[in-house]
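What follows is a single structure, written as structure tokens, with notes after it.
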Amino acid sequence: MSDPKEQKVNERMEKIVSRCKRRGFIFQSSEIYGGINGFWDYGPLGAELKRNVKDYWWRSMTQLRNDVVGLDASIIMHPKVWEASGHTATFSDPMVDCLLTKKRFRADQIEPQSGTAYWYSGATDGNGKACKEPYAVLIPAGKHPEYARKVARKYYQQRGLENPTLLEERTEEMANSVRFNPDNGSLLTEPRPFNLMFKTYVGPVESPDNAAYLRPETAQAIFAQFKTVLEVSRQKLPFGICQIGKAFRNEINPRNFTFRSREFEQMELEFFIKPDATAQAKDGPPPAEVPVDAPQPNWGWKEWHRYWVEQRVKWYESIGLTREALDFYWQKPEELAHYAKATVDILFKFPFGAQELEGIAARGDFDLTQHQKFSGKPMDYFDEEAKARYVPHVIEPSAGVDRLVLALICQAYQEETVTDDKGQAETRVVMKFHPRVAPIKVGVFPLLKNRPELVKKALEVRDHLRRYLTVFYDEAGAIGRRYRRQDEAGTPFGVTIDFDTLGEKPELLDTVTLRDRDTMQQIRVKISDLAPLLLQKLS
Ligand code: ATP
């Protein structure tokens, strides 16, 4: 029997996944062919939601700041880029395979298991055939040893023995071992590094000289183009370059819906700063307790790092992810990459656990120095103010679009018990997206579809609002059902055109009802006030 808490988590996640499919947020890629593991498509609502997230990030990073500019670089770059960054040599995960089913796992993601391991030195089948490969099966306390023998026989059958007799059974007590498949107890292979980059060939000849990679992150293009962007944008340090785009990783175990995919999008900023020694040459370092949101000329990497963590958390709050829904993980010194000075992961409390949404790293001057070394082109900067030449240091907030969209969906999904028109209790499923990111901002409904005068007016209101906002027009079914459909899509506002709009009560001529998704309250608003009011509510 599984743990009831875990069951609840799974149930919630299953509901979210199935609703995502039914309502057109996210579904499997190539579904008609059985899907392809680790790849996902965004349907009409999902595509709007994702676009809103990216547009708002872009606007917050570039258009609302003076010190960040954008870049849109190619996905395939010169392979030297990945040599310089270290990806060709080290961008790998340790991988293990189940010896029985060949299922592949990431070694560092195996749930530790305890119990008794049954070891065999090999098996024979009585016809003179033998297999000398050792094998083991781990079974938890209380499980019959015959299970281990059955699994071991299956393994030796796969090694070519028809009717195996197991040799030299011995047992070993194991505590928190990660050497066995948690699904069936079978021994796993030793961990082997597996490079996560997707390889391809550029041009018609598949030779090693033509090999290239689909980028596993968007950041490297920013470093490779640092000098060019600096020159054309006429920025001075500190300043940043940001990019949104696809990244590809041949993840060993794609899982948790879109959380770990093989194709995903990143939103990355490289914020270039002066080395501490230069920034602090004149005034020394700032006091320990500086306000985190007021940059100063003598800020070093620590202050800029804290600044960006704070900026990013505020940004998440501005699209409805509260601080309580987030968590933080400061990597321990022994976990840091050799060049990183500090890394903090911003986590979201998903139903399947608190997991990384974004990593914010202080990366020193590692990346630019590497590209300088591998390309032979200078990556340094002449600081006119300080009269100093140096390779800039960098703070990197790096977020995943798909993980954020999933977090927004998980946070938005609510089931509420409400009373319908007939006084009956019913369950209302509502996606409480922040209006800023909601796929559709307003639903427009004529009260009745068979009254041309109502439909005509409703279409006029739709066409008017459409100039400013994403609008969905719906005339099918009872008005209550139409509200529910928009609740499920996460539409924050609903506008209904009724007979009062047409002047049945003269004082209400050219007014409509405006319904709020979350409170379900309705107010009466003049059509001419609708657009400014809604725009104000959205900002
Ligand atoms: P993880 O430890 O979860 O594999 P990471 O630390 O390798 O992630 P980074 O290389 O820091 O991730 O990438 C920055 C961001 O890109 C992550 O915070 C995440 O939001 C996103 N990301 C990375 N890998 C994936 C993936 N396989 N699927 C979806 N998003 C991803």
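Order of listing sets the numbers, starting from 1, for every ligand and every atom in it. Positions are given from 1 along the sequence.
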Before signing off on this row, confirm whether F264 and ligand 1 have an N or O atom pair separated by under 3.5 Å.
-> no

among protein heavy atoms, the one nearest atom 13 (O) of ligand 1 is Q266 NE2, 3.3 Å

Between E324 and K349, is the closest basic N to carboxylate O distance under 4.0 Å?
-> no

In terms of side-chain heavy atoms, does Q109 have a donor or acceptor partner in R255 at a distance below 3.5 Å?
-> yes

Shortest protein heavy-atom distance from atom 17 (C) of ligand 1, along with the residue and atom involved | E356 OE2, 3.4 Å

Should you measure from each heavy atom of E358, which atoms of ligand 1 turn up under 4.0 Å away?
-> 18 (O)

Protein heavy atom at shortest distance from atom 4 (O) of ligand 1 | R260 NH1, 2.8 Å

Looking only at distance, does E268 have an N or O less than 3.5 Å from an N or O of ligand 1?
-> no

When you check the gap from the basic side-chain N to the acidic O, do E263 and R249 get nearer than 4.0 Å?
-> no

Test item, D402 contacting ligand 1 (heavy atom, 4.0 angstrom) = no

Looking only at protein heavy atoms, identify the closest one to atom 28 (N) of ligand 1 and say how far it is in Å.
-> S261 N, 3.0 Å

Going through the distances and angles, do R517 and D487 end up as a salt bridge (charged side-chain N to carboxylate O under 4.0 Å, His left out)?
-> CA-CA 6 Å; R517 174 197 65 199; D487 288 346; over 6 Å; no

Atom 7 (O) of ligand 1: the protein heavy-atom neighbour that sits closest, reported with distance to 0.1 Å = R249 NH1, 3.1 Å

Look at atom 27 (N) of ligand 1 and find which of Q109, E396, E251 reaches it with the closest heavy atom.
-> E251

Please verify whether a non-hydrogen atom of E217 lies at under 4.0 Å from ligand 1.
-> no

Can you establish whether the number of heavy atoms outside K302 located under 6.0 Å from its atom NZ is more than 12?
-> no

Is there a donor-acceptor contact under 3.5 Å linking the side chains of D365 and Y390?
-> no

of all protein heavy atoms, closest to atom 29 (C) of ligand 1 is F259 O, 3.1 Å

Kindly indicate, with the supporting measurements, whether the criterion salt bridge (charged side-chain N to carboxylate O under 4.0 Å, His left out) is fulfilled by K236 and D67.
-> CA-CA 8 Å; K236 288 196 172 58; D67 55 358; over 6 Å; no

Identify, for atom 21 (C) of ligand 1, the protein heavy atom at the shortest distance, and state residue, atom and that distance.
-> G400 CA, 3.7 Å

Should the pair R484-E416 be classified as a salt bridge under the 4.0 Å nitrogen-to-oxygen rule?
-> no

Would you mind telling me if ligand 1 is within reach of the side chain of L357, the backbone, both or neither, using heavy atoms under 4.0 Å?
-> backbone

Which residue supplies the protein heavy atom nearest to atom 14 (C) of ligand 1, what is that atom called, and how far is it?
-> S398 OG, 3.0 Å

Regarding R403 and the six-membered ring of F259, is the cationic atom NZ or CZ under 6.0 Å from the ring centre and inside 45° of its axis?
-> yes

Is it the case that R312 places NZ or CZ above or below the six-membered ring of Y316, under 6.0 angstrom from the centre and within 45 degrees of the axis?
-> yes

